[in-house]
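To start, the structure itself, in structure tokens.
Quick caveat, the model's predicted, so the values are computed rather than measured. Atoms within each ligand, like the ligands themselves, are counted from 1 in listed order.
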Amino acid sequence: MSSDPSLPPIPLCVPEIRGREWAYVKDCLDTNWVSSVGQYVDRFERALAEAVGSPHAVACQSGTAALHVALQVAGVAAGDEVLVPTLTFVAPANAVSYLGAAPVLVDVEPDYWGIDLALVEDFLRNRCVRRDGRTIDRGTGARVAAVVPVHVLGHPVDMDRLMVLAAEFGLSVIEDATESLGATYKGRCSGALGHLGCFSFNGNKILTTGGGGMIVTAREDWARRARHLTNQAKVDPIEYEHDEIGYNYRLTNIQAAMGVAQLEQLDSYVAAKRAIARRYVEGLAGVPGLLPMRQANWAQSSWWLFTVLVDEAAYGSDSRALMHRLHDLGIQSRPLWRPLHKGPPHADRQRLGGAVAERVCRTALSLPSSVGLQPEAQERVIAALKDGAAR
Ligand SMILES: *Cc1c(COP(=O)(O)O)cnc(C)c1O
């Protein structure tokens, strides 16, 4: 296949704006409610809480800000350790670091690329001790305070198993559900399974507000504290009184207006992602050396970015060569994140394994997965992938 300049480029993942976004944003501008207070912020919080089945939701500026505040609300403090998968976008490890705590980087399991719970369990049982109701890392003497399961690419981690372990060792569980809005685990929504859950509404996520995030939790006191921290820990509506160090992490009414409109379409977005995944799985079946991501029997993934592993020997080229080939055909694809233990910010962290994450990173390629990806465009991607196979 040669590149045909008359064909439109196919991006990896772009927003889909076809609902009431314009109307709601215009309403903010018309009424002068443009900043961090307004009915859309409240509406967005209530609608998201309802969508994921969590009692409380607190909007904030980004998914990273949500993680930062959620970790703090859960009691993570300077000197603590927090278990984080090494194969993830960097945000959760950074958020742990903002609090002066240390991420312990855990390898992922090879099937769904989520945090390897066998390694987590081995660490807790064999390298930690319980003392005064706390779990202490024997190697460092630090308290192990929390774990951040990342539902990588929209596929939920085996949360029942994790919650049992967390209860036994007194750990808080902060779900990084930034890629998995709409995904379910045994019928329950990701983000509402741990003690706190975090979502992102960045431009490439399941739905977008331009930029934004949300914390959900079942605990009313935690929701109140999260709201407090995102609002500079202000205690008086008139006087400038603050009772601790807070952050300006609020979401604006304009962003929330967009979020309300986007959320009205969530079901159709997730349905579109699932249809895209189905077409890739069917279209790529039998192509030697391309292994599509899979779904566990406990999961209904949101299939955020459909991703394949490229087996160089069987396919005939490696993931990066394939990426360049697709690029030349106007098709955008992208590798997964470099494992955190391989990059300067977190290279010297304690880690538990990492070889699986390195292999997945070397071989994975995410394919165009926009909600608005049309079947004809997806056929072009599939044809290019077939055409690139061992020849
Ligand atoms: C996108 C993402 C975030 C951060 O979200 P922002 O809104 O961009 O700050 C956090 N964790 C993971 C795994 C992500 O993919």
Side-chain angles (χ1 to χ4, degrees), residues 12-15 44 48 57-72 76 82-99 103 105-106 108 112-115 146-157 159 173-183 190-191 193-194 196-216 226 230 247-252 255-256 258-259 262-263 269 273 293 301-307 334-341 343 345-346 357 360-361 364 366 369-370:
L12 183 71
C13 191
V14 291
F44 189 33
L48 189 108
V58 178
C60 50
Q61 222 170 49
S62 68
T64 308
L67 287 161
H68 181 189
V69 168
L71 286 158
Q72 187 168 344
V76 173
V82 177
L83 296 156
V84 174
T86 193
L87 186 73
T88 171
F89 181 61
V90 70
N94 284 354
V96 168
S97 310
Y98 299 161
L99 292 165
L105 304 177
V106 185
V108 296
Y112 317 108
W113 317 333
I115 187 168
V147 53
V148 183
V150 178
H151 304 306
V152 171
L153 300 169
H155 189 288
V157 166
M159 288 297 291
V173 178
I174 296 99
E175 290 180 78
D176 183 332
T178 52
E179 301 175 2
S180 65
L181 179 59
S190 74
L193 305 160
L196 294 134
C198 298
F199 294 96
S200 164
F201 313 116
N202 188 31
N204 63 357
K205 294 293 159 74
I206 309 277
L207 65 81
T208 185
T209 59
M214 193 84 79
I215 301 166
V216 299
T230 60
Y247 315 98
N248 177 7
Y249 275 173
R250 295 166 304 176
L251 193 73
T252 68
Q255 290 168 307
M258 191 163 164
Q262 290 260 299
L263 198 52
Y269 290 176
K273 294 276 194 194
M293 59 194 288
S301 178
S302 62
W303 300 100
W304 171 50
L305 291 179
F306 190 87
T307 300
R334 206 167 165 189
L336 290 185
W337 320 275
R338 180 200 286 193
L340 298 183
H341 64 269
H346 301 289
V360 172
C361 173
S366 296
S369 303
S370 302

Residue-level breakdown please: for [X] versus ligand 1, do any non-hydrogen atoms fall below 4.0 Å on the side chain, on the backbone, on both, or on neither?
| X | answer |
| --- | --- |
| P92 | side chain |
| A91 | side chain |
| V150 | side chain |

So H68 and Y247, would you call those rings parallel, tilted or perpendicular, with 30° and 60° as cut-offs?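 Ring orientation, 0 to 90° scale: tilted.
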Which residue holds the protein heavy atom closest to [atom], what is that atom called, and what is the gap in Å?
| atom | answer |
| --- | --- |
| atom 5 (O) of ligand 1 | S200 OG, 3.2 Å |
| atom 2 (C) of ligand 1 | K205 NZ, 2.5 Å |
| atom 14 (C) of ligand 1 | T178 OG1, 3.1 Å |

Filtering N94, L87, D176 for the heavy atom nearest atom 11 (N) of ligand 1 leaves D176
Backbone N or O of [Y] within a donor-acceptor pair of the [X] side chain at under 3.5 Å?
| X | Y | result |
| --- | --- | --- |
| T86 | P339 | no |
| Q61 | Y249 | no |
| T208 | N202 | yes |
| S369 | F306 | yes |

Residue [X] vicinity, atoms of ligand 1 by number, heavy atom under 4.0 Å:
| X | result |
| --- | --- |
| G212 | 7 (O) |
| T64 | 4 (C), 5 (O), 6 (P), 9 (O) |
| S62 | 7 (O), 9 (O) |
| T88 | 13 (C) |
| E179 | 12 (C), 13 (C), 14 (C), 15 (O) |

V150 to V157 - nearest heavy-atom pair and separation: O-CG2, 3.5 Å
[X] vs [Y] side-chain heavy atoms within contact, under 4.5 Å:
| X | Y | answer |
| --- | --- | --- |
| W304 | T178 | no |
| F199 | K205 | no |
| R334 | L305 | no |

Between F89 and ligand 1, does any nitrogen or oxygen pair lie at a separation below 3.5 Å? no
Are A66 and ligand 1 in contact, using a heavy-atom cut-off of under 4.0 Å? no
